[in-house]
Engineer: 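Quick one: structure below, then a few questions.
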Amino acid sequence: MKVLVLGGTTEASMLLQALANDARIRPVLSLAGRTRTPALPAVPHRRGGFGGAAGLAEYLRTESIDALIDATHPFAAQMHRNAAAAAAQAKIPRLVISRPAWHPIPGDRWTELPDMPAAVAALGPTPRRVFLTVGQQELTPFRAAPWHTYLIRSVEPPDPAALPPNARCITARGPFRVDDERRLLQQQKIEIIVTKNSGGTATEAKLAAARDLALPVLLVARPPAPEPPIVPDVAAALAWLHQTALRGV
Ligand code: NAP
């Protein structure tokens, strides 16, 4: 069974590792191509957009894909929609892996906001030292609040043209440890964190560190959930794939 895995996430990499020795399933990984040096598993892969839902449907047909696993990030709303539409057009089964969102626990000082401009506004008029971990594509709105000082962390260096003026950039790839995150926040005298409610374990240490230090966190909420079926993790996706393969898809 030939399976297209839409990736760019930890879940996609874990799924492909788990499938490495499964002779029944031949995976192909698709990446958007945003990261210049992605960590690539040892499976066939392709990079770049398909040209919308119609382009993806065409790819599914020409490459004789039997099933589609949409393991893109919870904030990749357009790709979720395209994957659902394309799988329906190509008449193949599709599954979304979407890790559960984070939820506050006692001690957290979170404010959830609908989008990035709302997070920028919530930083307020008083200059603050801000830790920004929102991804390198979503920095431009912060140019509207140039009076803050930003520490920006991303996997790869962001486009300088997207940066607010008082910004220092660091690059790092998770998973991160709570001790290290606490040290970073203290050393940089961070007063507030802005992040997205991505969920998962790789980047949640900053939230525990913020709790320890009683720092406020502005959390951008997820876009609406994709169409079902949705599973929360790789184990459930493997079970679905094996059922799909057993049905002779
Ligand atoms: P998006 O807004 O939902 O998608 C925009 C376009 O990028 C899609 O229409 C598609 O282009 C292309 N695309 C997205 N994922 C693709 C994939 N896996 N393979 C091929 N083309 C893909 O997505 P995004 O939020 O920009 O995210 C882009 C990629 O980064 C995704 O793969 C996602 O998993 C990963 N990522 C995103 C975030 C985040 O916070 N958004 C965080 C970590 C990783 P066409 O219409 O031309 O096919």
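All ligand and atom numbering here is 1-based and tracks the order in the structure. In this chain, residues are counted from 1 in sequence order.
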Engineer: Only heavy atoms count here, so choose which of Arg222, Met79, Glu11 is nearest to atom 15 (N) of ligand 1.
Structural biologist: Met79

Engineer: Are the side chain of Asp66 and the backbone of Lys2 linked by a donor-acceptor contact shorter than 3.5 Å?
Structural biologist: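 A pair under 3.5 Å: yes.
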
Engineer: Would you mind checking which non-hydrogen protein atom is closest to atom 47 (O) of ligand 1, with the distance to 0.1 Å?
Structural biologist: Gly51 N, 2.9 Å

Engineer: Just need the protein heavy atom nearest to atom 7 (O) of ligand 1, so name the residue and atom and give the distance.
Structural biologist: Arg34 NH2, 3.2 Å

Engineer: Which of these passes side chain to side chain contact (heavy atoms under 4.5 Å, CB included) with Pro216: Ile193, Ile192, Val194?
Structural biologist: Ile192

Engineer: Can you name the atoms of ligand 1, numbered from 1 with element, that are less than 4.0 Å from a heavy atom of Gly52?
Structural biologist: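 Checking each atom against Gly52, I get 45 (P), 46 (O), 47 (O), 48 (O).
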
Engineer: Which protein non-hydrogen atom lies closest to atom 41 (N) of ligand 1, naming both residue and atom, and how far is it?
Structural biologist: Phe75 CB, 3.7 Å

Engineer: Would you mind checking which non-hydrogen protein atom is closest to atom 48 (O) of ligand 1, with the distance to 0.1 Å?
Structural biologist: Phe50 N, 2.6 Å

Engineer: Can you tell which part of His73 has a heavy atom less than 4.0 Å from ligand 1: side chain, backbone, both or neither?
Structural biologist: both

Engineer: What do you reckon, does Gly7 have a nitrogen or oxygen under 3.5 Å from a nitrogen or oxygen of ligand 1?
Structural biologist: yes

Engineer: Determine whether a donor-acceptor pair (N or O, by modelled atom type, separation under 3.5 Å) exists between the side chain of Arg222 and the backbone of Ser198.
Structural biologist: yes

Engineer: Salt bridge between Arg211 and Asp108, side-chain N to carboxylate O under 4.0 Å?
Structural biologist: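 Looking at Arg211 and Asp108, the cut-off is met.
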
Engineer: Out of curiosity, Leu95 CG to Leu68 CG, how far, rounded to the nearest 0.5 Å?
Structural biologist: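 Between atom CG of Leu95 and atom CG of Leu68 there are 9.0 Å.
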
Engineer: Need the ligand 1 atom indices (1-based, order shown) with element for anything under 4.0 Å from a heavy-atom of Ser30.
Structural biologist: 17 (C), 18 (N), 19 (N), 20 (C)

Engineer: For the residue pair Arg81 / Gln78, report whether a side-chain donor-acceptor contact shorter than 3.5 Å exists.
Structural biologist: yes

Engineer: Counting from 1, what ligand 1 atoms have a heavy atom of Ala32 closer than 4.0 Å?
Structural biologist: 13 (N), 14 (C), 15 (N), 16 (C), 17 (C), 18 (N), 19 (N), 20 (C), 21 (N), 22 (C), 28 (C), 29 (C)

Engineer: Backbone, side chain, both or neither: what part of Ala53 comes under 4.0 angstrom of ligand 1, heavy atoms only?
Structural biologist: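 The answer is neither.
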
Engineer: Using a 4.0 Å cutoff against the non-hydrogen atoms of Lys196, which atoms of ligand 1 qualify?
Structural biologist: 39 (C), 40 (O), 41 (N)

Engineer: Under 4.0 Å from any heavy atom of Ala77, which atoms of ligand 1 are there?
Structural biologist: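 The atoms of ligand 1 under 4.0 Å from a heavy atom of Ala77 are 3 (O).
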
Engineer: Report, in ascending order of atom number, the atoms of ligand 1 lying under 4.0 Å from any heavy atom of Thr72.
Structural biologist: 18 (N), 32 (O), 34 (O)

Engineer: Identify the protein heavy atom lying closest to atom 11 (O) of ligand 1, giving its residue, its atom name and the separation to 0.1 Å.
Structural biologist: Gly49 CA, 3.6 Å

Engineer: Less than 4.5 Å apart, side chain to side chain, heavy atoms only: is that true for Leu19 and Val43?
Structural biologist: no

Engineer: Would you compute the distance between atom CZ of Arg128 and atom CD1 of Ile190 and round it to the nearest 0.5 angstrom?
Structural biologist: 11.5 Å

Engineer: Less than 4.5 Å apart, any side-chain heavy atom of Lys206 and any of Thr195?
Structural biologist: yes

Engineer: Write out the residue and atom name of the closest protein heavy atom to atom 35 (C) of ligand 1, then the distance separating them to 0.1 Å.
Structural biologist: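 The closest one turns out to be Gly8 O, 3.8 Å.
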
Engineer: List ligand 1 atoms under 4.0 Å from Arg46, heavy atoms only on the residue side.
Structural biologist: 20 (C)

Engineer: Could you tell me whether Leu31 approaches ligand 1 through its side chain, its backbone, both or neither, with non-hydrogen atoms closer than 4.0 Å?
Structural biologist: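 Backbone only; the side chain of Leu31 stays clear of ligand 1.
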
Engineer: Looking only at heavy atoms, is any part of Gln136 under 4.0 Å from ligand 1, and if so is it the side chain, the backbone, or both, or is it neither?
Structural biologist: neither

Engineer: Using 30° and 60° as the class boundaries, would you call the ring planes of Tyr150 and His148 parallel, tilted or perpendicular?
Structural biologist: perpendicular

Engineer: Can you tell me how far apart CH2 (Trp102) and CG (Leu207) are? Round to the nearest 0.5 Å.
Structural biologist: 5.0 Å

Engineer: I'd like to check which ligand 1 atoms, numbered from 1 as shown, lie under 4.0 Å from a non-hydrogen atom of Asn82.
Structural biologist: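 Taking each heavy atom of Asn82 in turn, ligand 1 has 9 (O), 46 (O) under 4.0 Å.
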
Engineer: Should Glu181 and Arg153 count as an ion pair when the cut-off is N to O under 4.0 Å?
Structural biologist: yes

Engineer: Going by heavy-atom distance to atom 23 (O) of ligand 1, choose the closest among Gly33, Pro223, Ala76, Gly135.
Structural biologist: Ala76

Engineer: Would one find an N or O of Gln78, backbone or side chain, under 3.5 Å from an N or O of ligand 1?
Structural biologist: yes

Engineer: Assess the side chains of Ser30 and Arg46: does a donor N or O sit below 3.5 Å from an acceptor N or O?
Structural biologist: yes

